[in-house]
Amino acid sequence: MLQVLVLGLMNGGIYAIFALGVVLVYRGTGVLTFAHGEIGTIALYFAYFLVAKVGLPWSIGALGAIALAALLGGAFEFLFVRRMVNADPVSTVVLTVGFGLFLLAAEFFFFGASPRNLEPPTKHYFFVIDNVVVRPWQVAALVLALVLGFGLQSALRRSDFGLGILAAAQDPAAVRLVGVPLSRVTLTVWSVGAGLSGLAALLVEPSVGVIAPGYASELFVIGLAAAVVGGLTSLPGAFVGGVVLGIAQSASSRYLGSFGVSGLQYIVVLTILLVVLLGRAYAPEVRRRLATPHAGAPSTTTAGAAA
Amino acid sequence: MTDTPLLEVHDITAGFGAVTVLHGVSFEVPRGSIAGIFGLNGAGKSVTMKCLAGVVPTRSGSVLFDGEDVTRMSPERRVARGMGHVPQGRQVFPDLTVEENLRLGAYTLRRRNRSRYQAALDGVFDRFPVLRDRRTQKAGTMSGGQQASLAVGRALINEPQLILVDEPSAGLSPVATLELDAVLQEVAKTGVTMVLVEQNIAFGLSLVDTAHLMQTGTVVHSGPVAELDDQTLATHLGIGRVLQAAAGSALAARQAPRPKEKARARRTA
Amino acid sequence: MSATATLTSPRAARRLPVPTLLIALVAAAVLPPLIGRTPILSDPNALLLCRACAFGIAAISLNILMGYAGQISLGQFAFVGIGSFATGIVTGVNDLRYPWLAGVAFAAAAGAALALLVGLPALRLRGLYLAVVTIGVAYAAWQWLFRFERIGGGSAGKVLPRPYFGTHVISGNADFLAISAVALVLIWWLDVNLVRSRFGRAFQAVKADEKVAASFGVDVARYKLLAFMLSGAVAGIGGAVYGTAFGTVTGDTFDYSQSLLLVVIVVIGGLGSRVGVVAAAFFAILLPVWLHLVNGPFTSLFHHGIDGIALMLNALLLMYTIARHPDGLAGAVSEAREKRARRRGGEPPLPPTRPNLPSLGRPSGMPEPRKLRPGTPVLDVRGVSVRFGGLQAVDNASIRVDRGTIVGLMGPNGAGKTTLFNAITGTLRPDTGHVELLGQDVSDLPAHARAALGVGRTFQLIGLVKGQSVYENLLIAQHLATPYGLASGLTRVGASRWYEREVRERADATLEGLGFQRYAGTPVGRLSHGQQRIVEIGCALVTSPELVMLDEPSAGMSPAAAEDLASTLRDIRDVLGRTVLLIEHNVPLVLDVTDELYVMDAGRVIADGEPTEVVQRPDVVTAYLGAAPAREGALA
């Protein structure tokens with residue numbers, strides 16, 4: 001039981017950080033991003049390049065990776081997303097898919113298909129809870145997700161610009177009418193959201209051990225699902241969604257086995273996603289059915305008209 | 001004070017896709033006056049306001065604000081230049097508190113001169129005490145009339161030269177409309193220049209100095225409210241003889257001079 | 001969208017003639033083996049072309065879903081993959097050993113079945129959420145479903161033997177290319193027929209606006225599911241070709257990035273453009289080969305990165321395409337062509353605004369309307385209430401519309417007129433109250449079923465498929481008049497020919513009556529607002545419905561056009577003998593044409609009766625102009 005919980009929390013923290021990036025971008029700009037997984041992956045490759053090839057210390061490499069991720073997110077917003085102001089949201093989704101594929105191709109192009117390895121700085125530190133090996137970065141991910149999920153909103157409230165970001169999520173048109181430069185809001189939001197993806201990728205790498213093209217995407221997709229489960233606009237919801245999916249995964253592999261194949265986690269995620277989405281879609285109808293018992297006879301007080 | 005009008009609109013056209021909504025709209029708003037734009041559904045009132053705000057691009061023509069051509073300027077920069085907005089449906093930020101809404105309203109003021117903010121905030125609170133009482137309440141949980149006060153306060157706090165008020169009474173209950181009426185009367189007293197779009201013609205006429213009547217995308221009549229007669233109103237609004245009676249009664253209520261006008265007469269003297 | 005508009009010609013009897021189909025089939029079957037025996041087409045390149053054909057088929061499948069029906073799928077390779085494995089299960093030497101064609105049929109069935117499962121939630125989820133769910137399906141199929149030994153063949157993969165005739169196995173890649181090409185041609189042909197059938201038209205309507213589709217009698221949920229199943233079936237066939245070409249497939253053959261690449265292909269090619277998406281598929285697959293042909297430092301420098309460069313170029317092309325031309329490259333081409341045409345010929349002259357609506361009678365595909373007892377109203381609305389959250393949009397409203405009259409519905413903005421309209425047509429369910437159409441209680445019927453009873457309607461914001469031509473819209477509007485089956489529609493054999501001829505004749509007659517012949521092929525979105533309104537009214541009348549409901553038809557019209565509208569409305573009543581319910585703001589128009597007038601305010605019907613008398617009532621005048629609240633306050 002504790003084992004399931006610990007494992008779930010460790011994974012859930014990572015999902016939650018991805019989910020936070022998704023929610024931030026969606027809230028601030030109304031765009032659902034599918035590109036942030038690859039942004040994370042390529043940032044990780046960049047860290048590998050800085051540490052393993054250039055020989056910089058891990059911390060510098062990590063900072064460089066996060067900076068590159070933020071830069072990529074910002075550049076993408078500035079060059080492409082900005083032109084899609086009045087576009088159908090689905091077209092914008094496809095645009096982010098295209099950017100993800102572009103980055104995936106770039107990973108192949110610059111680093112090839114063979115996996116790379118980035119040595120984490122704290123390889124030898126770990127502790128054990130109920131037979132689960134817990135490593136510091138996993139705890140860091142969880143704590144970070146917790147802090148961002150519940151603290152980011154109040155941090156944003158402190159500055160005028162941050163307030164503008166929160167307001168833009170509620171009503172982008174009105175934000176312009178009070179004089180907040182909306183384009184700077186969207187640029188910031190994309191950069192920060194992408195930076196979070198870089199961070200999430202860095203934190204999960206030591207557990208996986210190798211970097212391969214598209215590798216963060218699998219985690220990102222679960223993070224995306226977590227964001228949707230958490231309501232897509234709520235930062236605390238993103239954290240909760242991530243943790244719920246993480247625990248559901250570890251619980252399913254513990255109690256359901258794996259049905260003879262790996263990858264059951266995706267079915268679990270998909271099921272939770274569908275249950276939550278359909279539940280939300282049907283909820284108003286169900287509530288209405290419950291609230292208004294069908295009146296048999298219509299009231300006909302004002303019926304009739306000149307014949 | 002200079003003699004040039006604060007706002008000059010020269011022959012603007014605008015539309016969406018294949019549909020042209022504005023076919024050349026022109027009018028001027030002198031400093032310290034309140035202009036009203038009236039017309040039936042689809043006459044182009046709201047689109048005109050959105051062109052003034054810079055939210056909808058104009059296809060031709062120009063908008064001069066304080067002598068400066070702002071036709072191609074972004075909405076944000078227009079606000080920094082001294083435009084204020086009470087947008088359609090009020091559009092307060094529902095998840096932010098009253099005070100946060102006001103702080104955002106003062107966004108460009110705080111960038112210009114942060115020290116003036118406190119005084120401006122107090123000024124708004126003095127004018128709308130209900131906002132002071134509810135400063136930490138989420139704006140979305142307030143009543144329609146209170147939200148209207150907040151929307152107006154949010155525009156005023158930035159110390160604008162011109163306020164564009166777009167259908168403030170839309171979707172308000174009759175009680176809230178009364179509250180709003182009081183709020184706008186209050187604002188009119190401050191001597192700020194204002195452009196008002198209002199569906200409720202009787203209500204609108206009671207507030208403004210000059211009426212611009214629109215029909216199918218053009219201004220068909222401009223003139224002081226005092227000179228408007230029911231015939232002109234009915235003809236130019238395109239609603240025919242049916243509404244003459246109602247228009248007449250609205251005008252009758254409007255003919256008596258109000259304290260506001262006396263105040264303005266004193267100010268301009 | 002505009003790409004398909006140019007493909008579907010007006011006078012639309014134009015169809016792929018059998019000789020063209022035959023020539024294409026023969027060419028597809030004969031050319032590859034012939035060329036394969038020369039040095040021009042190497043064996044690896046022939047395999048690559050097989051892959052391109054399979055991608056072409058997959059692109060057509062995604063185009064059915066996204067381009068026609070407007071449902072996003074980021075997981076199309078789940079269907080392609082299941083098609084491949086299904087084929088392997090049926091034809092494999094260690095499995096059932098059935099002939100290859102049986103495998104293909106099973107692949108189509110498996111693809112359709114999986115797509116149906118995905119389509120079910122899609123009935124309730126749209127846009128972004130559907131995108132998330134479909135990418136989840138792609139992952140789940142790739143990481144879970146295809147990992148089952150029985151399905152994906154485990155780590156060794158599934159073996160798909162090549163087809164054979166008698167004892168001759170088609171082992172050469174050039175020979176199998178012939179089969180791949182024939183499959184592509186056949187799918188192409190079916191897709192052409194699909195677009196020109198009621199099914200393709202219903203998809204277009206669903207994509208444009210579900211409420212509009214329902215007003216034409218399209219059962220939106222059913223057609224969404226049908227789009228998913230057709231798409232899944234075609235994708236499954238693509239998977240059969242794909243897998244058989246390579247001989248062995250594993251789960252990783254169908255990883256999520258393949259699905260994404262397919263989306264890229266379809267968007268670059270242009271949603272809705274068959275030529276575009278197939279061309280883009282070939283381009284995307286063959287691009288790496290062409291890059292290899294570029295000799296010199298470029299290729300040697302990045303020897304391991306050719307596929308990466310190709311994918312990067314594709315992705316860049318996609319991003320450019322979306323940011324610049326939302327219609328895809330095909331859309332960009334047709335846009336440029338149109339611009340050139342417009343510059344040459346200038347704007348075409350306006351048609352007469354006063355249409356002469358033809359009296360068409362009931363289409364043979366629709367049942368005769370029920371005989372009404374004398375005195376039974378065409379429409380009887382009793383005590384309908386609709387609540388949106390805290391807003392009582394319609395409050396116990398009752399309306400009665402007698403046969404052969406024009407009844408007006410007036411009221412200020414937000415009075416609840418359109419909401420009441422929607423409750424009558426079934427677009428939304430009222431909380432309480434009953435709606436009786438032609439003597440039948442329809443309170444529990446969905447919108448498309450009410451349309452089938454004989455209700456035509458127009459929308460405030462023009463209920464037409466804007467990207468399609470005027471002619472095509474007149475066909476879409478006759479969905480109910482074409483009751484033929486899917487098989488007949490896809491093959492153009494049997495009932496579909498007869499019904500299609502009839503609805504085309506009716507469309508022709510309506511075009512002529514409206515005076516819009518020269519605009520037959522013009523996309524509706526390019527017409528002026530007033531012209532669109534005329535076309536919309538034509539569409540609402542083309543199936544001769546008993547009751548026509550018009551929502552603010554004069555909005556955005558010039559005063560002159562509004563006067564013409566008045567005579568059109570009278571024609572509908574007097575010449576065509578139809579009944580009209582009319583929402584209008586234009587008071588002179590309402591007084592001019594209506595026999596009876598209802599006025600709504602704040603959700604309630606506040607007055608009804610003889611129009612000129614009703615508009616004089618003080619409460620009506622107050623509702624319409626608004627009272628001065630200050631004075632009202634003084635009273636309170």
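Naming convention: chains lettered A, B, ... in sequence-line order (proteins, then strands); numbering from 1 in each chain. Computed from a predicted structure; not experimentally measured. All values below come from the heavy atoms of this structure, side chains included, with hydrogens, waters and symmetry mates left out.
- A:L177 and B:V79 get closest at one heavy-atom pair: O-CG2, 3.4 Å.
- Residues A:V178 and B:H85 form no side-chain contact, since every pair of their non-hydrogen atoms from C-beta on lies 4.5 Å or further apart.
- A:R176 and B:S74 get closest at one heavy-atom pair: NH2-CB, 4.2 Å.
- Comparing B:P75, B:G54, B:G140 by heavy-atom pairs within less than 4.5 Å of chain A, the highest count is held by B:P75.
- In the displayed structure, A:F78 atom CZ is contacted under 6.0 Å by at most 12 heavy atoms of other residues, nucleotides or ligands.
- The shortest heavy-atom contact between B:R103 and A:D160 is NH1-OD1, 2.9 Å.
- Within the 4.5 Å cutoff, no side-chain heavy atoms of A:L163 are placed close to those of B:F93.
- No donor-acceptor distance shorter than 3.5 angstrom exists from the side chain of B:Q91 to the backbone of A:D171, with no hydrogens or angles considered.
- For the pair B:E100 (side chain) and A:R157 (backbone), a donor-acceptor distance under 3.5 Å is absent.
- Ranking A:S183, A:A174, A:G164 against chain B, the residue ahead of the rest is A:A174, based on heavy-atom pairs under 4.5 Å.
- Residues of residues 105-121 of chain B that come within less than 4.5 angstrom of chain A, heavy atom to heavy atom, are B:G105, B:Y107, B:T108, B:R110, B:R111, B:R114 in numerical order.
- You'll find the side chain of A:Q170 reaches within 4.5 Å of the side chain of B:L96, heavy atoms only.
- Contacts with chain A were tallied for B:P94, B:A80, B:P87, B:G84; B:P94 has the most, counting heavy-atom pairs under 4.5 Å.
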